[in-house]
Amino acid sequence: MDEERAIEEILDTIGDEHARRVLAALSREPRSAKELSEECDLSLPTVYRRIEMLNQYDLVTDQTLVADDGNHYKVYESNFESTVISLEDDEYKVRIYREENLPDRFSQLWDDLNPE
């Protein structure tokens, strides 16, 4: 997929009202699909479709938990802190800022500078 098409698809995803509501809820705290459905006043299938859309662009992550009764369920979480959309020279640019701790970022930079 070319970069321009990928940017269009990310903008379409972020532009979707239901996806924004899901993202807003997940930015406050991790939630299950059922909790998202109740909080966002969306059907469960709509929540799952939006999570799938957001997951395509690595905007959400999930973790499987085990309930007291032994059943497994997923909890979803926002995978970024902010995004900046800019228009430069008739081209859109999308920058997604992810939460990384400084030591990990420094280690990655060091590894990139010193390939073995």
Side-chain angles (χ1 to χ4, degrees):
M1 175 183 307
D2 66 32
E3 186 176 331
E4 185 174 320
R5 182 68 191 141
I7 289 172
E8 275 184 39
E9 290 180 7
I10 291 172
L11 291 174
D12 287 347
T13 299
I14 294 172
D16 181 90
E17 179 187 352
H18 298 322
R20 285 195 315 270
R21 287 166 59 191
V22 168
L23 271 175
L26 293 176
S27 72
R28 291 186 288 276
E29 69 180 282
R31 290 176 169 75
S32 68
K34 184 178 180 195
E35 291 169 329
L36 286 168
S37 174
E38 292 167 1
E39 182 174 336
C40 298
D41 194 28
L42 299 170
S43 71
L44 212 46
T46 298
V47 167
Y48 280 117
R49 279 193 301 273
R50 292 327 184 270
I51 288 171
E52 187 176 321
M53 285 172 56
L54 296 166
N55 195 33
Q56 261 187 298
Y57 302 103
D58 202 25
L59 299 175
V60 297
T61 58
D62 62 69
Q63 178 181 7
T64 302
L65 301 178
V66 180
D68 293 337
D69 62 4
N71 287 322
H72 293 73
Y73 67 100
K74 287 188 178 185
V75 172
Y76 301 93
E77 184 173 10
S78 173
N79 193 28
F80 69 101
E81 288 207 352
S82 64
T83 185
V84 174
I85 301 168
S86 59
L87 179 61
E88 298 172 17
D89 302 323
D90 294 332
E91 284 187 18
Y92 283 103
K93 299 199 184 275
V94 177
R95 174 90 195 242
I96 298 172
Y97 294 91
R98 303 202 186 279
E99 185 176 320
E100 299 174 350
N101 70 33
L102 195 52
D104 288 346
R105 203 175 321 160
F106 180 76
S107 294
Q108 182 62 47
L109 176 63
W110 184 256
D111 291 344
D112 290 346
L113 293 174
N114 295 301
E116 293 183 31

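Numbers for residues simply follow the sequence, beginning at 1. Quick note: numbers below take in every heavy atom, side chains included, and nothing from hydrogens, waters or symmetry partners.
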Other residues, nucleotides and ligands only: do more than 12 of their heavy atoms fall within 6.0 Å of CG on Asp69?
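Enclosed: over 12 neighbouring heavy atoms sit under 6.0 Å from CG of Asp69.
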Just wondering, are more than 12 heavy atoms of other shown residues or ligands nearer than 6.0 Å to CD in Glu52?
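No, not enclosed.
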With clusters defined by side-chain heavy atoms of hydrophobic residues (ILVMFWY) lying less than 4.5 Å apart, directly or transitively, does [Y] cluster with [X]?
| X | Y | value |
| --- | --- | --- |
| Tyr57 | Leu23 | yes |
| Tyr73 | Leu42 | no |
| Val75 | Val66 | no |

Looking only at atom types and distance, does a side-chain atom of Arg31 sit under 3.5 Å from a main-chain N or O of Ala25, one as donor and one as acceptor?
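Such a contact is found between Arg31 side chain and Ala25 backbone.
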Member of Leu26, Thr61, Val60 meeting the side-chain contact (heavy atoms from CB on, under 4.5 Å) criterion with Glu77
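Filter result, single survivor: Thr61.
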I need the [X] [atom1] to [Y] [atom2] distance, nearest 0.5 Å.
| X | Y | atom1 | atom2 | value |
| --- | --- | --- | --- | --- |
| Thr46 | Leu36 | OG1 | CG | 12.0 Å |
| Glu38 | Leu44 | CD | CG | 9.5 Å |
| Thr13 | Leu54 | OG1 | CG | 6.5 Å |
| His18 | Arg49 | NE2 | CZ | 8.5 Å |
| Leu59 | Ile10 | CG | CD1 | 7.0 Å |

Show the nearest heavy-atom pair for residues [X] and [Y], with the distance to one decimal.
| X | Y | answer |
| --- | --- | --- |
| Ala24 | Ser27 | O-OG, 2.7 Å |
| Ser37 | Ser43 | OG-C, 3.9 Å |
| Tyr76 | Ser32 | CD1-C, 4.4 Å |

Side-chain touch Glu39/Arg28, heavy atoms, less than 4.5 angstrom
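Yes, side chains in contact.
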May I ask you to test the Ile51-Asp62 pair for a side-chain heavy-atom distance under 4.5 Å?
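Side-chain contact under 4.5 Å: no.
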